[in-house]
2 protein chains.
Amino acid sequence: MELTERKKRILRAIIESYIATAEPVGSKAVAQLAGLDVSSATIRNEMADLTDMGLLEQPHTSAGRIPSASGYRLYVNELMDEHQLTMQETQRINEALEMRMEELDRVIDRAGKVLSKISDYPVFSMTSVKDIVTVRRYDLLMVEENAFIAVVMTDTSVVRNKIIRIPDELSEPQLQMLSTILNSSFTGLSMDQMRQALEKMETHSTPGAFRMIQLVVEFALEVLGDLRRQTIHTAGITHLLEHPEYKSLDKAKPLMRCLSNEDDAARLPIPFDGNQNMNILIGPENVNEAFRDTSVVMASYDIGDNMRGVIGVVGPTRMDYAKVTARLSYFADSLTRMFGKGELPPASGPDDLE
Amino acid sequence: MELTERKKRILRAIIESYIATAEPVGSKAVAQLAGLDVSSATIRNEMADLTDMGLLEQPHTSAGRIPSASGYRLYVNELMDEHQLTMQETQRINEALEMRMEELDRVIDRAGKVLSKISDYPVFSMTSVKDIVTVRRYDLLMVEENAFIAVVMTDTSVVRNKIIRIPDELSEPQLQMLSTILNSSFTGLSMDQMRQALEKMETHSTPGAFRMIQLVVEFALEVLGDLRRQTIHTAGITHLLEHPEYKSLDKAKPLMRCLSNEDDAARLPIPFDGNQNMNILIGPENVNEAFRDTSVVMASYDIGDNMRGVIGVVGPTRMDYAKVTARLSYFADSLTRMFGKGELPPASGPDDLE
DNA sequence: GATTGGCACTCCGTGTCTTCGAGTGCTAAA
DNA sequence: TTTAGCACTCGAAGACACGGAGTGCCAATC
């Protein structure tokens, strides 16, 4: 059966009405909404066709129609109008994004909160590393005789520190030497290589010095592992409860559990197609069971040269795709611009040690 | 009216049954549960008395009784048995707490998650500073000609860092000098004092040097502000949904909103009585409107010398106080021990600069 | 052939009524 | 003081009718 122009208009009218009201749409309502000058009976025939084509569903024999997942898919791919952000909206986003650059984790977290607030949906955000991250340099700062701060900087310019306590006393020159060893033997390596280098070192160095190197390298491994682990932040999960599709707790709970990241097992298995910078997953297109009646709209943005972030909006399949995609893409662009502005330095540059 | 021993036993039986089942308890059930060798009619008389005394309530004329807030209060204060943790439970807590010491924020966050998991209730955790925090020392690490890392360490031994980019090039000796200035003029000061010192410095120093000092001091102010801000973490809020009292979304939503910290306005206004290290707030004892039907059990623990953490469990008034208090106090003790163990160095000690 | 009005049918949601059962309060007897 | 008995209350659950919204189909019309 052919999808005529009129069918498309009807489908679109149904979807947009359903997005707005969450109520099944009847033929009479469509007759008015679609702006077609035909009677409800005609619409009924067309709607029956659309149902046959799998684009609509009827919850019960005598209810109106609701869009199916493939109906939404068609809508998103072909029918949807570009939603234009109002000045107010862009202004609000800009203001909200005027955050000071702090540690990357916090920025990501804040960004999620902001987006959740302006989109009224839950938001998850995560970062991932394009290539392997390595340590670019180590700095050791003396605190007391038996404690120093280890500062580790990765080639992605993430800096982390930790206070390391040691049993024995330590002099400033010893610390210098340690630093030299670390910077010459434990930079630019993958995690495995670092572990190997550590093993090798154990055999031909004094136990005391080795112990301290081990402590620092273990911290560095933690940092690298942490960066690889793709920490996921979520914000605004209670927005879920504002939508009628989640008024039944049975629906809401597994999703909220998953979003709030409480089962370590059930992570968000989000496949992101790297070829485009905006992805939409509608209902059953999600692999994760908890997301069967849920849609995810996500966008990626660059953080420096070697990292990328993904930020996504989660909502019922009935979510307002036009608005969400518009806001999300503006948001992701802003983030890319923000991170590109050089607040976070580029990953290149010589190893410039003290 | 006097609260006889038998009345207490009856009250206790009712509360413990209600805690277990969330169903109003009838006289017949109590006759069995309380282990008193009297008939249900006698129990009825006693229950009528307890209701008059405000310790029980009846939802409807012909339902059983449920405990009132003051009933719970009496139970918590006098009637409750010390719940003994099983070996399994302590072991589970110990294992879960075997976390590596990272940044304080992360540790607090993890601790909340762990406690939430073992208690099956939502948990919030926050830190607060006993006195004013000051910067103990600054370290500046060269990265490139026009970027350096500022490492700020507070007298509470929190270490934070930030990459600072500057327009002009900078030499190693210049950086050294900067560091000396910072460490001599901007340590041990309150935030206001730091701002004043910065103003004073502006008048009698070259603009270029001042600009850089300003950037570092501003970062330090951020850090101090951050520490004062009492970041609150929450974990396991979806556990709320497991309890029948929150099956109605109207009940659950405001509470979840508050817990997930989404309204910046409505923080958790938790009054903690510092004189004892375990606090229980039952239902209407909570000032916050969203917590009227909710109880909070919280404990405090020490972090180093100048900080304390508060970690609390949130649940329905019907929550299992005996179990929760037992687990929570063990947990808080473990945390105190953990932080005391010197993984995080004490706040004292001379300013030991490089 | 497409469109339309008409009509019977389906199904849901609502309101009402009844029944059932659990639990109470009271009274009188032990 | 305790207990058995009994009437009473009230909510929960089931049965039933009703109205409304929407559909599908058919015959008439353009």
Side-chain angles (χ1 to χ4, degrees), chain A residues 1-11 13-15 17-18 20-68 71 244-245 247-248, chain B residues 1-11 13-15 17-18 20-68 71 244-245 247-248:
Chain A
M1 196 178 313
E2 200 195 352
L3 190 63
T4 62
E5 198 55 39
R6 191 170 71 180
K7 281 193 174 59
K8 284 184 187 172
R9 269 180 88 161
I10 291 173
L11 178 61
I14 291 174
I15 291 183
S17 162
Y18 187 67
T21 65
E23 299 285 330
V25 191
S27 52
K28 208 166 173 183
V30 176
Q32 294 190 307
L33 287 168
L36 297 165
D37 230 5
V38 292
S39 78
S40 66
T42 312
I43 303 283
R44 276 204 288 286
N45 291 328
E46 296 283 53
M47 282 166 77
D49 289 350
L50 287 169
T51 307
D52 286 343
M53 296 162 80
L55 298 171
L56 293 180
E57 283 169 357
Q58 42 188 341
H60 317 287
T61 319
S62 82
R65 301 296 213 289
I66 62 174
S68 71
E245 24 274 281
K247 71 178 190 305
S248 139
Chain B
M1 198 177 311
E2 202 197 352
L3 191 62
T4 63
E5 198 54 40
R6 193 170 71 181
K7 281 194 172 63
K8 284 185 188 173
R9 269 179 88 161
I10 291 173
L11 178 60
I14 292 174
I15 290 182
S17 163
Y18 187 67
T21 66
E23 298 285 331
V25 191
S27 53
K28 210 168 172 183
V30 176
Q32 295 191 309
L33 287 168
L36 298 165
D37 230 5
V38 292
S39 77
S40 65
T42 312
I43 303 282
R44 274 204 290 286
N45 291 327
E46 297 283 53
M47 282 166 76
D49 289 349
L50 287 169
T51 309
D52 286 343
M53 295 162 79
L55 298 171
L56 294 180
E57 284 168 357
Q58 41 188 341
H60 316 288
T61 318
S62 82
R65 301 296 212 289
I66 62 174
S68 71
E245 24 274 281
K247 69 177 192 303
S248 141

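Throughout, a chain's letter reflects where its sequence line sits, starting with A, and its residues are numbered from 1.
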*How close or far is atom P of D:dT1 from atom CG of B:Asp37, stated in whole angstroms?*
19 Å

_Gap between atoms CD1 and C1', on B:Ile14 and C:dT24 respectively (whole Å)_ = 13 Å

*Which atoms form the tightest heavy-atom contact between A:Leu56 and A:Pro67, and what is the distance?*
CD2-CA, 3.9 Å

*Between C:dG23 atom P and B:Leu33 atom CG, what is the distance in whole Å?*
12 Å

*asked:* Without decimals, in angstroms, what is the distance between A:Asp49 CG and C:dT3 P?
replied: 11 Å

*Any donor-acceptor pair under 3.5 Å joining the side chain of A:Ser62 to the base of C:dT10?*
yes

*Are more than 12 heavy atoms from other residues, nucleotides or ligands located less than 6.0 Å from atom NZ of A:Lys28?*
no

*Specify the closest pair of heavy atoms between B:Val25 and B:Ser17, including all atoms of both residues, with the distance to one decimal.*
CG2-OG, 3.5 Å

*asked:* From NZ of A:Lys7 over to C1' of C:dT3, roughly how many Å is that when rounded to an integer?
replied: 13 Å

*Using whole Å, report how far CD of A:Glu57 lies from P of D:dG22.*
18 Å

_Rounded distance (Å) that lies between atom P of C:dG23 and atom NE2 of B:His60_ = 13 Å

Could you write out each protein N or O paired with an N or O of nucleotides 14-18 of chain C at a distance under 3.5 Å?
none

*Quick one: does B:Leu36's side chain get under 4.5 Å of B:Thr42's, heavy atoms only?*
no

*Ignoring the backbone of B:Ser39, work out which of D:dT23, D:dA4, C:dT4 is nearest its side chain.*
D:dA4

*For B:Arg6 and for A:Gly64, find the nucleotide of DNA chain D with the closest heavy atom, then tell me which residue's nucleotide is more 5'.*
B:Arg6

*Ignoring backbone atoms, establish whether B:Ser27 has a side-chain N or O less than 4.0 Å from OP1 or OP2 of C:dT24.*
yes

*Could you tell me which non-hydrogen atom of B:Ala63 sits nearest to which non-hydrogen atom of B:Gln58, and how far apart they are?*
O-OE1, 4.4 Å

*asked:* Between A:Ser27 and A:Ile43 (side chain of the first, backbone of the second, donor and acceptor by atom type, cut-off under 3.5 Å), is there such a pair?
replied: no

_Single hit among B:Lys7, B:Arg65, B:Glu57 for side-chain contact (heavy atoms from CB on, under 4.5 Å) with B:Leu50_ = B:Lys7

*Spell out protein contact along nucleotides 24-30 of chain D as letters: B when the base is contacted, S when just the sugar-phosphate is, - when no protein heavy atom is under 4.0 Å; keep the 5' to 3' order.*
B------

*asked:* In this structure, how many angstroms lie between the P atom of C:dA22 and the CD atom of B:Gln32, rounded?
replied: 13 Å

*Heavy-atom donor-acceptor pair, B:Ser40 side chain to B:Ala31 backbone, under 3.5 Å*: no

*With a non-hydrogen cut-off below 4.0 angstrom, is A:Thr42 in contact with a base, only sugar-phosphate, or nothing?*
base

*asked:* Looking at every non-hydrogen atom in both residues, tell me the closest pair between B:Pro24 and B:Pro59 and how far apart they are.
replied: CG-CG, 4.2 Å

